[in-house]
Structure formats: structure tokens, C-alpha cells
Amino acid sequence: MVQIKRLNSADSSFDQTLQQLLAFENAMDESIDATVAQILAEIKARGNEALIEYTNRFDQVNVHSMTELELTQERLQRALSSLPVEQRQALEDAAERIKTYHEKQVSESWHYHEPDNTMLGQKVTALDRVGLYVPGGKASYPSSVLMNAIPAKVAGVKELFMVVPTPRGEKNDMVLAAAAISQVDRVYTIGGAQAVGALAYGTETIPQVDKIVGPGNAYVAAAKRRVFGIVGIDMVAGPSEILVICDGKTNPDWIAMDLFSQAEHDEMAQSIVLSPDAAFLNKVMQSIDQQIETMPRKEVIRTSLENRGAIIQVQDLDEACAIANKISPEHLELSVDDPELWVEKIRHAGAIFMGRHTCEALGDYCAGPNHVLPTSRTARFSSPLGVYDFQKRSSLIQVSAQGAAKLGRIASILANGEGLPAHAKSAEYRYNR
């Protein structure tokens, strides 16, 4: 029997209990941070030599040159060709849907003219070079390749480099096939903090990138934190989360499995369901107990649900939406009648899945929107990965002679008020000619 927490929003201790449930200690392990700092310093100082040493040590391989660590486009195409037809078709179908969705996000440059012919505007340009980190070895995350690479390509990124560790030389053909479909330009079989360092600082072989995206372990996350500012990063994500709001009319087996879909990621993942229907919540708990024994990752699911999961009875769906906004989940399912009505009450969520047939797993793979989402309540102030993460904006300012007279006087007054006379004089020169 799974000992998942059963809470009631009417209890006096509910707010405190919920806060404790949501708390996630994301403090940096000092030993990890020290190790990462040393690795990054070595990569920065010794480039390829250090990168090869660390790759041999951590991935248990025996390479002697960088050419052995780069996969050719022919190798990527072979991986694609080797897939069973069904797998290849699924990857290609998912890629097309992801591309179609992200094409809607592309920002365009714009400008306007004022009456005196002063022009103001915004120039939108893509990043020149992006690094994509992909977990490797037994892990198989081709969907992460698609979700990170396709928006970058849609944005117009000129060069996209992928790094993927290959422990003991083990390569995953689905990951490499996804790289081929996504038109990744170069792939290096390196991983860990050393791969992040190579992308951030550049080596004799790997050019420095402008931004690093993609998931990784604690060492990768620590390295991304340390190189932020030298390059951009997407985010430092916490454990996966799902929050389900249900009116009690959905099949409880569906809801239980939706909770499992996040809990199976790892022991720190969080799965919560809110409903005003106590009898329905009882059925969900029964379904959890019945179905968990059929799950290959049942021990991970059990630990996740018992440590960080919850079944919460609320007074009504209005309160459920208010609690959801407080939780600000990565994934939110509105398994209710008229989800279009209730979505208006949601302010904070990474992705919102509307209706009984819209399970979160579809968003992970093929619905179209990005599955790289804010976690740990950061949906209060941040957004899913998208094309906008691979574009930047430059302001355009072209002031006419008439405009310089008008704006120069304003600037001069404000600059003198701030005690910056050179600023004032610079503006005055333009109209005191």
C-alpha cells in the first residue's frame, strides 16, 4: 500500500503542511561544486588535452584525439536509417509538430517614425552558436534533443553543437537519429562538467558557444551555474512536477497513471491531485495501490509519491485553482468539464493540459509545445523554453536634427540633475550648433 499524504484544505494546518510538501532543498553540494570548479579551470587552461583526460576517466573510454570524439553527419544518418520504421516515423511526426508550433513564436524586427522623422525600433537577431547538452549512455532522451534543437533552428541559430556522453562507448541511436532530424551541425561524445566547460570557454577544436541548453545531472547543473554570465543558459531545473485538478468525473485509473508519469522520473519528482470529490480521491488512492505493482519503476514511483506526493481534498474548483497558483507547477492538468472556463483562473503554470483526454505525457513527446518547463515554483516568473530563448533584441535609435533639439534639451536637464555634465554636453552639442 502506498502511503501517500492525504490532505484537506479545510484543516487549520493545511497551509503549513503544503508549504513543507513543496519545499525542495536545492542547495549546492559543496563537494560537487568544488569538483566542478576544478574541472572547469582545467578545461579553460588546457583545452582539448584536459577534455580528453576527463572523458577517458569519467566515461571509461580510451581516446587520444578530438577526432575520435566527434560524430560525422554520416554517422547520424546511419543511426536514423537503422531505426525501426515505427520509431523513425514517431520521431519525424513529433519533430514536425514541434517545428510547426515553434514557428508561431518567431519574433520580427519592427520600427516606427515620429513626426520629426526620428526613427525608433527593435532589431531581432538569432544567436550565432548554441550548445545542447543531452544525457547519454543507457539514458535515452531523443525527445529532449527535438525540444531543444528545433526551436534553436527555427530561431535561425547558425551553428548548433550537441554534446552527449557515451559511457564505455555506448551510443544511443535514437538520440543520434533525433540529432539528424533536428539538423544539429556537430555532435561531440563528451559529457559532464567538462563538456559544459568546453562549450563555455571553447577549446582548440570546439568553438565557444553563446548559450548552453539541455538537462543534465548535478555536475552539469553546477557547471551551468558557474559559467552563466560567460555564456547564457536556459535554466537550472529541479525535479519534475505534475498537479492534477479533477472534478471527480475522470476515470481514476487515468489520474493515477498521470501521477505515475511524473513519479517515475526520480524519487524527488512531485505528483499532486486536487479534487472537491472525496469519494473520487478514495478511488484514485485505490487505483494507485492496484496499478503500482504493474510498473517496472514501482520502487521509484512509491518513494516519490510517499515523500513528495499528495492527495488533496478542496472545497471547490475555485479553491483548487487558487492552490494551483500557489504551487505554480511545471505541469498542470485540468481534468474537468469546460476547461476553457477554468484555465482563465490559472496564472502560474509551466504548461496547462486542458480536458480529460489531454495527458501530460503527450506534451512530453509530441503535442508541439516545449517540454522544457520551469520547476520549483519558478513558473511564477519564467516561461517554457522557446524560440525567444534563441533570439535577442537590439534597440534601434535614429534621431533627426529636429529630434536632437527636442530630445537633447530633455537629456541635458536630466544629465545635469544626475551630476553627469559630459552626458549633458554631449546632448547639447547636437542642438547648439
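Note that the numbering runs from 1 along the sequence shown for the chain. Excluded from the calculations below are hydrogen atoms, water molecules and symmetry mates; all remaining heavy atoms, backbone and side chain alike, are included.
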Tell me, which pairs form a salt bridge (Lys or Arg N to Asp or Glu O under 4.0 Å) where one or both residues lie in residues 371-391, sequence neighbours left out? Lys211-Asp389
Can you pull the salt bridge (Lys or Arg N to Asp or Glu O under 4.0 Å) pairs that have at least one residue in residues 34-55, sequence neighbours excluded? Glu42-Arg46, Arg46-Glu49, Arg46-Glu53
Enumerate the residue pairs fulfilling ring-ring contact (aromatic ring centres under 6.0 Å, His included) with a member in residues 43-65, sequence neighbours excluded, ordered by first and then second residue. Tyr54-Phe58
Between NE2 on residue His102 and CZ on residue Phe390, distance to nearest 0.5 Å: 8.5 Å
How would you list, by chain and number, every residue that makes a ring-ring contact (aromatic ring centres under 6.0 Å, His included) with Trp342, sequence neighbours excluded? none
Those residues at least two apart in sequence (or on a different chain) that pass ring-ring contact (aromatic ring centres under 6.0 Å, His included) with His111 are His113
Which donor-acceptor pairs under 3.5 Å do the side chains of residues 191-208 make with protein atoms, sequence neighbours left out?
unit_1, atom_1, unit_2, atom_2, d
Gln194, NE2, Gly191, O, 2.9
Thr203, OG1, Asn48, OD1, 2.6
Thr203, OG1, Thr205, N, 3.1
Thr203, OG1, Ile206, N, 3.0
Glu204, OE1, Asn48, N, 2.8
Thr205, OG1, Asn48, ND2, 2.7
Gln208, NE2, Ala200, O, 2.7

Tell me, please, which residues at least two apart from [X] pass side-chain hydrogen bond (donor to acceptor under 3.5 Å, both in side chains).
X: Thr67; value: Ser65
X: Gln270; value: none
X: Asp337; value: Lys249, Arg356

Take the angle between the ring planes of Tyr188 and Phe161 and call it parallel below 30°, perpendicular above 60°, tilted in between. perpendicular
Only counting residues at least two apart or in another chain, list the ones meeting side-chain contact (heavy atoms from CB on, under 4.5 Å) with Pro142. Leu91, Ser140, Met174, Val175, Ala178
Asp338: side-chain contact (heavy atoms from CB on, under 4.5 Å) partners, not counting sequence neighbours: Leu341
In residues 411-420, what donor-acceptor pairs under 3.5 Å come from side-chain atoms, sequence neighbours left out?
unit_1, atom_1, unit_2, atom_2, d
Ser412, OG, Glu428, OE2, 2.5
Asn416, ND2, Ser412, O, 3.2

Where Val61 and Thr166 come nearest, the two heavy atoms and their spacing: CG1-O, 3.9 Å
